[in-house]
Amino acid sequence: MKAILFDSSLCNGCYGCQMACKDEHCGNSWLPIAAEQPQTGQFWCRVDQETRGKTPEVKVQYTPVLCAHCDDAPCIAAGEDGAVYRREDGLVIIDPEKSKGQRQIVDACPAKVIYWNDELEIPQKCTGCAHLLDDGWTVPRCVDVCATGALTYVDEEDIPAGAEPMPAVAGNHPHVYYLNIPGKWVYGVLVDRNQNEVLIGAEVSLLDEAGNILSTVKTDDFGEFRFKDLKPRYHKVLATLDGYADVELDADTTEQDVVLGDIFVKEVPFMG
């Protein structure tokens with residue numbers, strides 16, 4: 001069984017996969033596999049864009065979302081009279097004729113990647129470009145156009161360790177996997193309050209809720225520090241530098257990345 005593997009570290013957000021899917025299916029009917037995709041309202045390969053953090057540390061994350069052709073596909077169970085079926089190669093197909101009027105197929109998808117065509121009164125979704133594979137292609141269009149190699153079409157047994165099944169349907173054994181999705185992060189800048197200068201080489205530690213040190217870094221030439229790929233949990237940041245008072249701040253990554261911004265530290269008077 002084949003699977004689509006998305007490596008987030010290679011994606012530059014070009015939206016090529018999304019546009020290629022539109023190019024392949026809008027204005028083209030590939031019956032009996034798929035009717036024409038409407039020009040608007042449907043994205044069988046949709047690139048989600050998430051802006052993370054805040055000024056001055058902002059990152060944009062791109063994630064393609066498409067039908068995962070799950071082994072345990074709720075859409076198959078929801079369809080009546082064979083309206084949704086699985087091919088021998090594992091691709092899940094919605095029959096454009098048998099599915100007419102069966103809106104419950106749309107509602108059955110946990111990932112919300114099945115769309116309703118009001119004009120034709122049918123549910124529609126990614127077909128894995130089954131018509132192209134039947135014509136001798138070795139990969140779907142979205143994979144074929146990916147210039148950076150962020151999308152690949154691989155045998156499922158070759159999925160690398162660390163890759164995660166598509167989250168929205170993780171319990172349904174999907175055939176879309178995500179690799180190198182960034183974890184949460186914490187960012188800050190240490191600044192001398194009196195001199196109005198950044199502090200270079202200061203030691204900054206990341207602590208858990210009990211005060212245990214999880215990781216330690218030093219501020220760079222711009223006074224900045226970063227902790228990356230963190231789990232969503234409560235953290236604290238402890239900054240220490242000779243001649244300055246320690247600073248301890250909350251850095252809760254339970255729901256979002258943490259940008260502490262400029263952290264002003266106070267000099268400690270020398271006691272001679």
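Predicted, not measured: the structure shown is a model, and the values here were computed from it.
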For this session: Without swapping roles, check the side chain of Gln104 against the backbone of Ala78 for a donor-acceptor pair under 3.5 Å.
Result: yes
Exercise. How about Leu91 and Thr127: do any of their side-chain heavy atoms sit closer than 4.5 Å?
Worked result: no
Problem set entry | Identified side chain to side chain contact (heavy atoms under 4.5 Å, CB included) partner of Leu241 from the options Val247, Leu199, Asp192, Leu190 | Leu199
Exercise. Looking only at side chains, do Gln37 and Tyr115 share a donor and an acceptor under 3.5 Å apart?
Worked result: no
Problem set entry | Distance-minimising heavy-atom pair for Leu133 and Gly128 | CD1-O, 3.8 Å
Exercise. Judged by modelled atom types alone, do Asp250 and Tyr234 share a side-chain donor-acceptor pair under 3.5 Å?
Worked result: yes
Exercise. For Gln49, does the CD atom sit with more than 12 other heavy atoms under 6.0 Å from it, leaving out its own atoms?
Worked result: yes
Problem set entry | Gln256, CD atom: more than 12 neighbouring heavy atoms under 6.0 Å | no
Exercise. Do Ile114 and Lys125 touch side chain to side chain, with heavy atoms closer than 4.5 Å?
Worked result: yes
Exercise. Do the non-hydrogen side-chain atoms of Val65 and Met166 ever get within less than 4.5 Å of each other?
Worked result: yes
Exercise. Do other residues, nucleotides or ligands put more than 12 heavy atoms under 6.0 Å from Asp242 CG?
Worked result: no
For this session: May I ask whether Val143 and Val176 are part of the same hydrophobic cluster, defined by side-chain heavy atoms of I, L, V, M, F, W, Y residues being less than 4.5 angstrom apart, directly or through others?
Result: yes
Exercise. Does a side-chain heavy-atom distance below 4.5 Å link Val113 with Val169?
Worked result: no
For this session: Kindly check if the number of other-residue, nucleotide or ligand heavy atoms within 6.0 Å of NZ (Lys218) is above 12?
Result: no
Exercise. Does a side-chain heavy-atom distance below 4.5 Å link Gln18 with Phe43?
Worked result: yes
For this session: Classify the angle between the aromatic ring planes of Trp44 and His25 as parallel (below 30°), tilted (30 to 60°) or perpendicular (above 60°).
Result: tilted
Exercise. Yes or no on side-chain contact (heavy atoms from CB on, under 4.5 Å) for Val237 and Val258, after CA distance, side-chain angles and deciding distance?
Worked result: CA-CA 11 Å; Val237 165; Val258 176; over 6 Å; no
Exercise. Side chains of Asp257 and Tyr187: is there a donor and an acceptor less than 3.5 Å apart?
Worked result: no
For residues 208-217, tabulate all N or O donor-acceptor pairs below 3.5 Å that involve a side-chain atom, not counting sequence neighbours.
{"unit_1": "Asp208", "atom_1": "OD1", "unit_2": "Ala210", "atom_2": "N", "d": "3.0"}
{"unit_1": "Asp208", "atom_1": "OD1", "unit_2": "Gly211", "atom_2": "N", "d": "2.9"}
{"unit_1": "Asp208", "atom_1": "OD1", "unit_2": "Asn212", "atom_2": "N", "d": "2.8"}
{"unit_1": "Asp208", "atom_1": "OD2", "unit_2": "Asn212", "atom_2": "ND2", "d": "3.1"}
{"unit_1": "Thr216", "atom_1": "OG1", "unit_2": "Ser205", "atom_2": "OG", "d": "3.0"}

Exercise. Does atom CD of Glu97 have more than 12 heavy-atom neighbours, drawn from other residues, nucleotides or ligands, at distances under 6.0 Å?
Worked result: no
Problem set entry | Student check: side-chain heavy atoms of Arg52 and Lys184 closer than 4.5 Å | yes
Problem set entry | Main-chain N/O of Ile94 paired with Gln124 side-chain donor or acceptor, under 3.5 Å | no
Exercise. Do Trp185 side-chain atoms and Gly53 backbone N/O form a donor-acceptor pair below 3.5 Å?
Worked result: no
